[in-house]
Amino acid sequence: MASLADLINLDLSDTTDKIIVEYLWVGGTGVDIRSKARTVNGPITDASQLPKWNYDGSSTGQAPGEDSEVILYPQAIFKDPFRRGDHILVMCDCYTPQGVPIPTNKRNNAAKIFDNPKVAAEVTWYGIEQEYTLLQKDVNWPLGWPVGGYPGPQGPYYCAAGADKAFGRDIVDAHYKACLYAGINISGINGEVMPGQWEFQVGPSVGIAASDQLWVARYILERITEVAGVVLSLDPKPIPGDWNGAGAHTNYSTKSMREEGGFEVIKKAIEKLGKRHTEHIAAYGEGNERRLTGHHETADINTFKWGVANRGASIRVGRDTEKEGKGYFEDRRPASNMDPYVVTSMIAETTLLL
């Protein structure tokens, strides 16, 4: 008698050319990611080979009940680490039946910015550091923390090992390998300053690919925590008080910044970012004011400043960039729950088009 695990892991390749495609999209909150699956003839090597699909937008906060159909446009495909074989995940964006992007479709505008000839010529690189917190399912309290209580103060937990310092490493490592399997350019992981908090990095990836990859990496992490019975939180300050918040530091460079004389280009770009600080902060994630206090490795939300190797700045430039006179910089302002389509395209727009 086959077990449930046997059936889940059935290899279909010898019996059918059909594959399962998991369609992913950003939901109505702008932070949630939704998905549903359909069967298609495989193999699929490009998103353009997939049919558009629809879903009930009234159930995701994206359409009224009397006109609820929202259309999914496939945009980027990834190998499915859960079903494996030729099965795939596809990141989609969302439109009305008339072909108009719905309000929560931030990818469409981002694609326009990245397709601009000035932006495309600069081959924008992004490396996004996604911090997140793992919570105990029934109490919504960080993993490894005593229920209703607190662990010892911060200090021993960052990049640490040990049963009393690192909580959830099995989830983190499973996610790391699943992202590599999927084809996501995940470049590393580490334990964060607050116990129960971790980080993974996506990139360097060019243009809109960085955001597609980050959204799919978030989806994979949601699925893995689902299996583990743990809750994933992207709240930028899940625990008030003397605990670090969670950000999505966004590392950025252009072709001109990576070439000789690039440090001067970087300084001009940072100056442009400073002039639009208020607009960027407004688009950098909900609840960010609870995180950007000027403490716990952040700059105050109302202050824009940059510095070399300064983790208390809005923009940090690395020592290597200063030494070599070229390279990249890190925007430390985005919250963990930011929409990468918004943040990456806004940085490109401010530094290259304004």
Side-chain angles (χ1 to χ4, degrees), residues 5 8-9 31 33 78-84 89 127-205 213-239 241-251 291 296-297 311 334-338 340:
I8 289 172
N9 292 318
V31 180
I33 187 160
F78 300 84
K79 293 176 67 177
D80 186 339
F82 303 103
R83 296 187 176 105
R84 290 169 283 185
L89 311 173
I128 305 172
E129 305 171 31
Q130 176 68 71
E131 296 177 342
Y132 60 93
T133 308
L134 298 174
L135 303 178
Q136 301 170 57
K137 181 171 176 281
D138 295 327
V139 293
N140 275 346
W141 199 238
L143 202 64
W145 290 37
V147 176
Y150 295 87
Q154 295 183 154
Y157 311 107
Y158 174 69
C159 296
D164 58 342
K165 295 181 285 292
F167 310 111
R169 190 184 297 277
D170 53 347
I171 293 169
V172 174
D173 276 352
H175 177 250
Y176 197 172
K177 287 189 174 181
C179 285
L180 287 171
Y181 179 93
I184 292 166
N185 191 25
I186 185 170
S187 49
I189 58 165
N190 62 266
E192 268 304 327
V193 178
M194 189 182 86
Q197 199 171 80
W198 294 82
E199 172 185 298
F200 66 89
Q201 303 95 31
V202 167
S205 301
Q213 291 179 26
L214 187 69
W215 271 116
V216 176
R218 286 176 173 179
Y219 170 79
I220 291 172
L221 185 54
E222 286 273 22
R223 286 284 304 275
I224 290 171
T225 54
E226 173 190 322
V227 172
V230 171
V231 174
L232 168 66
S233 172
L234 296 182
D235 190 295
K237 186 73 173 179
I239 304 296
D242 196 18
W243 303 97
N244 274 36
H249 303 155
T250 302
N251 299 276
R291 167 180 162 263
H296 304 107
E297 302 183 68
R311 283 181 162 75
S336 50
N337 60 7
M338 62 82 159

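What you see is a predicted model; the values in this text were computed from it and never measured.
Counting heavy atoms from C-beta outward, Val216 and Ile33 have side chains that stay 4.5 Å or more apart. Side-chain contact between Arg169 and Ile171 is absent, with no heavy atoms from C-beta onward closer than 4.5 Å. By the 4.5 Å heavy-atom criterion applied to side chains, Pro81 and Leu89 are counted as neighbours. By the 4.5 Å heavy-atom criterion applied to side chains, Ser336 and Tyr132 are not counted as neighbours. Side-chain contact check for His249 versus Pro334: every heavy-atom pair is 4.5 Å or farther apart. At least one side-chain heavy atom of Gln213 sits less than 4.5 Å from a side-chain heavy atom of Asn185.
The closest donor-acceptor contact from the side chain of Thr250 to the backbone of Ala248 lies under 3.5 Å. Side chain of Lys79 to main chain of Leu180: no donor-acceptor pair is present (N/O by atom type, distance under 3.5 Å, no hydrogens or angles). In this structure, the side chain of Ser187 engages the main chain of Gly203 through a donor-acceptor pair within 3.5 Å. Judged by distance alone, with hydrogens and angles left aside, the side-chain atoms of Trp243 form no donor-acceptor pair with the main-chain N or O of Val193 at under 3.5 Å. Using modelled atom types, one side-chain atom of Glu131 and one backbone atom of Gly247 make a donor-acceptor pair closer than 3.5 Å. Looking only at distances, no side-chain donor or acceptor of His175 sits under 3.5 Å from a matching main-chain atom of Thr225. Of the possible polar contacts, none joining the Gln197 side chain to the Gly191 backbone as a donor-acceptor pair under 3.5 Å is found.
Of all the heavy atoms in Val202 and Ala217, the pair that sits closest is CG2-CB, 4.4 Å. Closest approach of Gln201 and Glu199 over heavy atoms only: NE2-OE2, 2.6 Å. A pairwise comparison of heavy atoms in Ala161 and Ala166 identifies CA-CB, 4.4 Å as the closest pair. Counting all heavy atoms, side chain and backbone alike, Ser233 lies closest to Leu135 at CB-CD1, 3.7 Å. Among all heavy-atom pairs drawn from Phe200 and Ile186, the shortest one is CB-CD1, 3.9 Å.
Partner His296 forms a side chain to side chain contact (heavy atoms under 4.5 Å, CB included) with one of Arg311, Lys237, Arg291 and no other, that one being Lys237.
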Between Gln130 and Leu234, is a side chain to side chain contact (heavy atoms under 4.5 Å, CB included) present by the stated rule, with each step listed? CA-CA 9 Å; Gln130 176 68 71; Leu234 296 182; 3.5 Å; yes

Could you check Asp173 against Ile189 for side chain to side chain contact (heavy atoms under 4.5 Å, CB included), going step by step and ending with a plain yes or no? CA-CA 8 Å; Asp173 276 352; Ile189 58 165; 3.4 Å; yes

CA sep, side-chain torsions, deciding dist, call: Tyr150, Ile239, side chain to side chain contact (heavy atoms under 4.5 Å, CB included): CA-CA 10 Å; Tyr150 295 87; Ile239 304 296; 4.3 Å; yes

Given Phe78 and Ile184, is the side chain to side chain contact (heavy atoms under 4.5 Å, CB included) satisfied, shown in steps? CA-CA 8 Å; Phe78 300 84; Ile184 292 166; 3.9 Å; yes

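Trp198 contributes atom CH2, which lies 12.5 Å from atom OH of Tyr176 (distance to the nearest 0.5 angstrom). To the nearest 0.5 Å, atoms CG (Asp80) and OH (Tyr181) are separated by 7.5 Å.
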Side-chain polar contacts of residues 151-159 - donor-acceptor pairs under 3.5 angstrom, sequence neighbours left out - could you list them?
unit_1: Gln154; atom_1: OE1; unit_2: Asn244; atom_2: N; d: 2.7
unit_1: Gln154; atom_1: NE2; unit_2: Asn244; atom_2: OD1; d: 3.1
unit_1: Tyr157; atom_1: OH; unit_2: Gly152; atom_2: N; d: 3.3
unit_1: Tyr157; atom_1: OH; unit_2: Gly152; atom_2: O; d: 2.7

Identify each donor-acceptor pair in which a side-chain atom of residues 140-147 lies under 3.5 Å from a protein atom, sequence neighbours left out, and give them as a table.
unit_1: Trp141; atom_1: NE1; unit_2: Pro146; atom_2: O; d: 3.1
unit_1: Trp141; atom_1: NE1; unit_2: Gly149; atom_2: O; d: 2.8
unit_1: Trp145; atom_1: NE1; unit_2: Pro195; atom_2: O; d: 2.8

